[in-house]
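Below you'll find the structure, written out as structure tokens, and then a few comments.
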Amino acid sequence: MTIRNIIFFAAAGILVSCSQTTNTNEMKPSGIELSNMNTEVKPGNDFFEYANGGWLKANPMPEEYSRYGAFEILAKKNQEQVKSMIDEISEMEEVEKGSPEQQIRDYYNAGMDTSAIEELGMAPIKPILFGIEAMSTKEDIVKLQAKMNFIGSYPLFAVFGSQDDKNSSEVIAQMIQAGLGLPDRDYYIKDDERISNIRKEYVDHITKIFVLAGIDEATSAEKANDVLAFETKLAEISMTMLERRDPNATYNINSIDELMESTEGYDFKSYFTELNISNTDVINVRQPKFMAGVATLINTTDLEIIKTYFTWNILNDNAGKLNSSFVNQNFYFYSTVLSGVDKMKPRWKRMISSTNGNLGDPIGKIYVEKFFPAESKKRMVELVDNLQIALKESIKNLDWMGDTTKLKAIEKLKAITVKVGYPNQWIDYTSVDIDPKSYVQNTWNCSAFSYKRDLNKIGKPVDREEWGMTPQTVNAYYSPNMNEIVFPAAILQPPFFDANADDAVNYGAIGVVIGHEMTHGFDDQGRLYDKDGNLNEWWTEADAVKFKEKTQILVDQYNAYTVLDSMHVDGELTLGENIADNGGLFIAYNALQMSYKKNGTPEPIEELTSDQRFLIAYAQLWRQHIRPKTLMRHLQEDVHSPGEARVNQGVVNTPWFYTAFNVQEGDKNYVAPENRAQIW
Ligand SMILES: [Zn+2]
């Protein structure tokens with residue numbers, strides 16, 4: 001996990017798309033693939049199947065995917081584009097050391113050089129493992145931990161720089177819980193059959209990795225049990241996913257001295273010195289109970305166990321980069337056991353992902369020059385403007401919100417920064433040493449570069465030009481601290497945004513995505529931040545109470561949504577995303593109606609009315625196959641509802657779903673008007 005992944009764990013990406021406004025109403029093809037639908041099904045019974053059934057049937061899940069739909073198809077296209085870039089670069093005779101071309105080419109080629117990787121075996125990680133083995137004091141633990149942080153491993157906890165929640169113009173040091181090999185603390189705590197089985201498989205997996213590392217089987221099995229026991233102790237003091245969604249609960253500013261007092265036994269002063277953080281004397285301890293617990297654990301745990309745990313962290317974080325025995329075992333546990341995928345992606349695809357992950361900016365710069373049409377940016381900005389006007393109108397007309405809060409909400413809406421396509425300035429990677437022969441070392445050099453860069457921001461004003469996603473990422477996000485919405489270039493293409501599609505389809509697709517991101521500024525978390533991105537109560541108490549009542553309807557609705565027969569969506573965990581989907585649908589629909597008012601309502605296209613096209617376009621974004629094991633993971637770990645619920649539970653709250661598809665009482669997904677949710 002890179003530090004960027006850890007930071008973004010809490011951020012609100014959408015998995016959504018983009019569109020444009022066209023001012024002409026001539027007949028155009030709708031942009032909807034009619035063959036993707038299954039019109040045998042009644043829309044009121046299962047709108048997801050109605051809109052996507054044809055596609056689901058004609059496009060079975062590829063073996064190497066855990067989930068497959070519109071996002072994955074675009075990501076696949078994207079991989080091919082990046083591959084074509086790398087192929088071109090590889091043919092260049094002279095590339096300058098430190099240039100994006102040299103780095104991309106050599107990083108990728110080093111990763112593809114499997115004979116060198118096989119031959120090296122464990123050699124690349126041996127020096128750090130020796131370092132761990134040689135630890136003999138608490139001071140050594142601190143030193144080793146910092147060393148591991150610079151190569152992308154975060155045992156116990158992690159420190160990074162990000163905006164101060166209550167002073168969003170400054171970057172401060174933040175400390176978060178970390179150090180678990182399973183996806184979430186619940187995997188160590190819960191006792192149902194699925195989770196118990198995963199724990200058993202995990203111990204088995206750790207044993208096999210230790211054996212591959214040259215340790216005898218009996219000792220390996222013992223060590224694996226020690227790792228599980230130690231991580232379980234970490235899990236017991238960790239915050240749950242739901243607790244971490246409360247920004248007030250994770251805001252605990254401490255001076256370094258205060259931190260030292262509450263965590264006796266761990267020398268944070270020397271840890272910060274090792275990390276070269278000198279520019280600050282305060283830190284936000286996001287999980288104080290966890291940090292105090294970690295200090296106690298270090299005081300009471302045998303040094304041998306800590307060595308085993310650190311060793312496991314290094315092996316686990318690097319298994320996917322070593323020789324094929326490690327790669328296969330790593331894939332078996334993390335993809336087959338946890339997500340139900342039996343077949344590995346071909347190596348070139350994995351190496352494109354790795355290159356993208358570690359050299360995102362150098363690739364992004366070339367990517368947008370080659371693949372991002374300049375006019376997309378202009379159209380997208382127009383569309384965002386229209387959505388902004390529609391949301392402003394909605395806020396003005398809300399019957400449940402008082403004037404004081406409305407005024408502040410509109411101020412916040414006006415203050416949202418919009419970023420489209422790619423950043424104005426690129427991160428300079430020139431100093432990163434990339435060698436054509438050392439894959440593992442290359443990944444470490446990239447980690448060290450990013451981490452140092454990140455820590456270097458602590459104590460400084462925030463850089464408002466920086467992006468949290470690369471332009472080649474098929475996604476979008478809202479940042480509450482920046483109060484900005486960001487749409488990377490890669491999502492601004494069909495089926496999300498299609499210059500040839502009609503307005504209803506573009507508003508139903510990228511329009512809803514834009515509305516979704518805007519709404520994040522006003523969801524259960526986002527509403528706690530003001531227009532400047534500070535955690536600061538700007539709602540009247542009465543309005544906050546009404547907001548909670550309104551959103552409780554969504555909590556209850558999604559709690560009642562079942563998948564895989566009896567498992568249900570977690571209405572609390574997914575609330576922010578469900579509020580955003582709900583808002584996205586209403587705002588985009590209103591923006592579309594505003595454009596019709598100006599330009600006239602078009603005739604049906606391919607016998608589909610505008611309302612029908614809008615809703616089908618929305619539903620088709622979420623077409624996807626998902627493996628049962630992956631779906632179970634998502635229900636537990638993902639703040640987004642599954643695609644099927646986003647469609648079926650999303651549309652039933654809009655009145656035009658009922659009129660457009662003649663949905664009646666008695667239909668499976670019918671919701672009586674008084675039970676429907678509309679927040680914004
Ligand atoms: Zn979202």
Side-chain angles (χ1 to χ4, degrees), residues 5 7-19 67 69-72 74-75 241-242 244-247 380 383-384 387-388 391 412-413 416-420 467-469 473-488 490-492 496-497 508-529 533 547 551 554-555 557-558 561 569-588 618-619 621-622 624 626 634-635 637-647 649-651 653 677 679-680:
N5 290 140
I7 298 165
F8 258 73
F9 192 64
I14 177 181
L15 249 65
V16 221
S17 104
C18 139
S19 123
R67 178 175 73 171
F71 288 89
E72 288 73 25
L74 267 194
M241 287 211 47
L242 206 55
R244 276 179 285 156
R245 289 199 75 242
D246 176 359
M380 187 65 185
L383 195 71
V384 173
L387 268 284
Q388 224 154 1
L391 178 51
K412 179 169 181 180
L413 176 65
I416 292 178
T417 307
V418 183
K419 290 178 176 170
V420 177
W467 283 45
M469 275 178 191
T473 309
V474 187
N475 208 337
Y477 70 91
Y478 171 79
S479 158
N481 285 135
M482 298 289 258
N483 193 24
E484 68 177 13
I485 49 179
V486 182
F487 303 93
I491 200 166
L492 306 183
F496 294 94
F497 168 71
I510 195 65
V512 176
V513 175
I514 296 170
H516 172 110
E517 297 306 344
M518 269 180 200
T519 307
H520 272 314
F522 305 91
D523 71 17
D524 61 323
Q525 282 182 314
R527 75 171 193 86
L528 303 172
Y529 295 82
F547 177 85
T551 54
L554 282 175
V555 175
Q557 282 184 351
Y558 283 84
Y561 197 98
V569 178
D570 184 335
E572 295 269 3
L573 181 65
T574 57
L575 180 59
E577 295 300 328
N578 300 333
I579 294 172
D581 278 348
N582 183 272
L585 277 164
F586 279 100
I587 300 158
Y618 169 71
L621 287 189
W622 298 109
Q624 66 174 214
I626 185 161
H634 281 242
L635 291 174
E637 299 160 37
D638 193 348
V639 293
H640 303 89
S641 297
E644 183 200 304
R646 293 182 84 158
V647 173
Q649 198 58 55
V651 298
N653 286 313
I679 320 294
W680 296 101

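In listed order, ligands and their atoms are each counted from 1.
For T574, the side-chain hydrogen bond (donor to acceptor under 3.5 Å, both in side chains) criterion is met by N578, not counting sequence neighbours. For Q388, the side-chain hydrogen bond (donor to acceptor under 3.5 Å, both in side chains) criterion is met by no residue, not counting sequence neighbours.
None of the N, O or S atoms belonging to H640 lies under 2.8 Å away from the Zn ion (ligand 1). The Zn ion (ligand 1) has no N, O or S atom of D581 closer than 2.8 Å.
Residues K412 and F522 meet the side-chain proximity criterion, which asks for heavy atoms closer than 4.5 Å.
Side-chain atoms of E577 and H516 include a donor-acceptor pair closer than 3.5 Å.
Vertex the Zn ion (ligand 1); arms to H520 NE2 and E577 OE1; angle rounded to 10 degrees, 110°.
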